[in-house]
Structures are given as C-alpha cells and as structure tokens.
Amino acid sequence: MTDRIQEFFRQRRAEGRDLGPCLVVDLDVIRDNYGAFAKALPDTRVFYAVKANPQPAVLDLLARLGSCFDTASVVEIQQVLATGCTPDRVSFGNTIKKERDIARAYELGIRLFAVDSEAEVEKIARAAPGSKVFCRILCDGAGAEWPLSRKFGCVPELAVGVLEHAHRLGLVAYGISFHVGSQQRNPRMWDGALKSSAAIFRDLAERGIHLSMVNLGGGFPTKYLRDVPAVKAYGQSIFRSLRKHFGNRIPETIIEPGRGMVGNAGVIEAEVVLISKKSADDQVKWVYLDIGKFNGLAETMDEMIRYPIRTAVDGDEMEPCVIAGPTCDSVDVLYEKQPYLLPVSLEIGAKVLIEGTGAYTTTYSAVEFNGFPPLETHVI
Ligand SMILES: *Cc1c(COP(=O)(O)O)cnc(C)c1O
C-alpha cells in the first residue's frame, strides 16, 4: 500500500465518490518492478503479459520504459500498438489462434508467434509467411498457486517435429517457450524445462536447424498473504540452470511477467455489506463484501489466491469468517473451505482494503452480471 494510493482513497471518500468497489493502480510500483526485473535478469528482454492488466496508462508506461509485450489476441496487439510501440516488440503468444487473426497480426507487423502443434504451424506458414515461431512445451506447474494445466504446450519430444515442420514451410524455427505456472513460489522450477529446452536445441542442431531463443514465460509471484522470494533469487536460479544445461552457449532469453509486474501495484477498496450468522451456534460469521468473483476477484476460484485484506480495526481480536461477494450466485464465495481471520469489531458499512490486486482483476470482471458494474479502476 503506497501513500499515493491511500491519499487517493481518502480524497474519494471525502468527495462522496466511494459508492462501489474501486481499484487503484500506482504506476510508480510498476516502474520499480520493471527495474527489478531488468536488474535481476540483465541479459533477458521483458515481454509484459498484457492480459494481467491492459490499462492504457500501464501499457504506455511499460512501452516508455522499453518493455516488449506478449499478447494473446488482435485486440491486445492493437492496445499495445496504440502506445506507439513498434510491432517488432510484440509477440503473439497464444498457441490457439484463428487463421484470420494471424493474418491480421501479420498485417499489423507482428512477426513472432507461439505454436504447440503442426496444425498451428501450417496456419502461420499460410497467413504470416517467413515469421519466427517458438514452440511451447508442457510444464507440470508444480509449486504454482495458479497452475496453467495442460491447455498449452506439447511434450518436448513433439516440439522437435513441430519446429522442423516450421523450418520446412519457410518459417524461422526460433526457439522454445514454457510457463512454470502462475504465482510460482519456487525459483528452481525453471530448471526442468530448461533441461528439456537444451535437449531440443541439440536435437534440432543435429538436423541442421539452429534455434536462437528460450522464452522463460511468466510465473514470477507477487506477495499475497505469504511471503515470496525476491525476483533476484529467480534471476540467480534461472542463470544457474542456463549455465548448467547450455554451457557457454546460452541462448537469447525473454521473460513474460504479468502478475509479478503489476500485482503489487494495485489495491481495491471495498465495503462490508452484511455480517451475519447462519445459526445461533455457528462458529463462523459470514462477511459479505460489495466485491466478489464476478466484479474483480475471479482468482479466488478454488480459494487459490488469498489476498491480504486490511481493515481500520486491524490489531483487535480476530475470528474466523467466511467471506462472500454480493451477487445472487452461490459460487460467489471467496473464502470458506479455509475461513479468513477478520477483526471481531468489523462492522457493516466499514471499508476494507484488498491488497495485491493489480493483476487479473479488472479484465476478469463480468459486465453487469446481476446489475453489478465492472470494477471501477484508476491508474495514478
Ligand atoms: C498469462 C501468461 C503469462 C503471465 O503469467 P504470470 O504468471 O502472470 O507472470 C506469461 N506468458 C503467457 C504465455 C501467458 O499466457
């Protein structure tokens, strides 16, 4: 929580504009995070994962700082290009693309694409001839709080064939990518994927195809309730693994931080709508907020992300509570399996501050589900 954010909320309350939940993102924090990535991984280019927070002011700042961008759709590409950033700093990193979207990206100047299958390679060869492609390999996501499952990537054995096919069709077989799972709390988790990547580099070199790049993906964590290692520890661990598996021939590397770039830059102010019990002898109180799964806190799904919640009465005696959102959908419960400790003296109408909400909040808001508007957002 920065002084600037605190002052913003104070002013908003003073002017009576505090009618619904509101996210404030502090650009100074993002500037510091960008600096920390650049310092921890000095030979690595940063491709900010736009989906984490595509607010124009966030993209403008990162473009000015020299960041590149990882995008997943034509709209995201257009949002990035609107900053004045040139298309050679943009990758189309989604492995699942319509051929007409590939063609549109190519028209816009994009020449770097992700693939994880021969069928996708063929689309790119037709719609974006001569482009660079990198193949995403599967990663099990162990140790991540928000795993990315098996939706993207192929097994390393298949990647060799996919990239060979790209080469045959006149594309540039450029490299390998992987994602170790979002909110990855273990800096050593890049090692296994780097080992597989080096093996693919060697296999293809034997066939006369020389890859250039490893895309190390995202996964860099932000601090929620539990502490996380500093980005410096990730830089050191990744560098050690690159040395171990690639020796003196370390390839070009890029990272795609999303959460780690913007997560800690945002704070949501929300309001307690109701505090109640379901029966007289209930041990646990229900606390209903004016924000829930459908207007910003989708990542509480399966209680995976546990946000720090601050109140004006922190320090008072605490008790376990179920925390729920305001909509009439019964899945709109944030924390129940593992109840959340809140002060006994918390009252209806009180404001709470939900920290670490700069990533994966605004764009996960439903549009008017149950009449609740998308999350009000300000970038300062
Ligand atoms: C979502 C995503 C990212 C960002 O992941 P974080 O864990 O938020 O850093 C990076 N790369 C790709 C391909 C993604 O889909």
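All ligand and atom numbering here is 1-based and tracks the order in the structure.
- Those atoms of ligand 1 with a heavy atom of Tyr360 less than 4.0 angstrom away are 1 (C), 4 (C), 5 (O), 6 (P), 8 (O).
- At least one N or O atom of Gly219 sits closer than 3.5 Å to an N or O atom of ligand 1.
- Not a single heavy atom of Phe152 lies less than 4.0 angstrom from ligand 1.
- With ligand atoms numbered from 1 in the order given, ligand 1 contributes 3 (C), 4 (C), 10 (C) to contacts under 4.0 Å with heavy atoms of Ala49.
- Short contacts between ligand 1 and Arg136, defined as distances under 4.0 Å to a heavy atom of the residue, involve ligand atoms 13 (C).
- Of all the heavy atoms of Asn94, none lies under 4.0 Å from any atom of ligand 1, so neither backbone nor side chain is involved.
- The side-chain heavy atoms of Ile209 and Leu163, taken from C-beta on, include no pair separated by under 4.5 Å.
- Each of Asn215, Leu194, Leu216, Leu211 was evaluated against Ile176; a single residue qualifies, Leu211, per the side-chain contact (heavy atoms from CB on, under 4.5 Å) test.
- The shortest heavy-atom distance from Met261 to ligand 1 is not under 4.0 Å.
- Ligand 1 is never approached by Ala52 to a heavy-atom distance shorter than 4.0 Å.
- Atoms of ligand 1 found under 4.0 Å from any heavy atom of Gly258 (numbered from 1 in listed order, with element): 4 (C), 6 (P), 8 (O), 9 (O).
- Of all atoms in ligand 1, listed by their number and element, those nearer than 4.0 Å to a heavy atom of Gly218 are 5 (O), 9 (O), 10 (C).
- Aromatic rings from His179 and Phe152 are positioned such that their centres are separated by 6.0 Å or more.
- Aromatic pair Trp190/Phe220: centroids less than 6.0 angstrom apart.
- For ligand 1, the polar-atom distance check against Pro257 finds no nitrogen or oxygen pair separated by under 3.5 Å.
- At a 3.5 angstrom cut-off on N or O pairs, Glu256 counts as close to ligand 1.
- Atom numbering of ligand 1 starts at 1 in the shown order; those under 4.0 Å from a heavy atom of Arg259 are 6 (P), 8 (O), 9 (O).
- A heavy-atom distance below 4.5 Å is found between the side chains of Leu65 and Arg31.
- Proximity to Ser182 (heavy-atom distance under 4.0 Å) selects the following atoms of ligand 1: 6 (P), 7 (O), 8 (O).
- Cation-pi geometry between Lys97 and Phe92 is met: under 6.0 angstrom from the ring centre, within 45 degrees of the axis.
- Against a heavy-atom cut-off of under 4.0 Å, Asp70 is close to the following atoms of ligand 1: 11 (N), 12 (C), 13 (C).
- Between Phe201 and the choices Phe246, Tyr174, Phe134, the ring-ring contact (aromatic ring centres under 6.0 Å, His included) rule is met once, by Phe246.
- Two residues are said to be in side-chain contact when any heavy atoms from C-beta on lie closer than 4.5 Å; Arg89 and Phe47 fail this criterion.
- With ring centers used as reference points, Phe372 lies 6.0 Å or more from Phe294.
- Residues Thr83 and Pro56 form no side-chain contact, since every pair of their non-hydrogen atoms from C-beta on lies 4.5 Å or further apart.
- When heavy-atom distances to ligand 1 are checked against a 4.0 Å cut-off, Gln184 has no atom that comes that close, whether in backbone or side chain.
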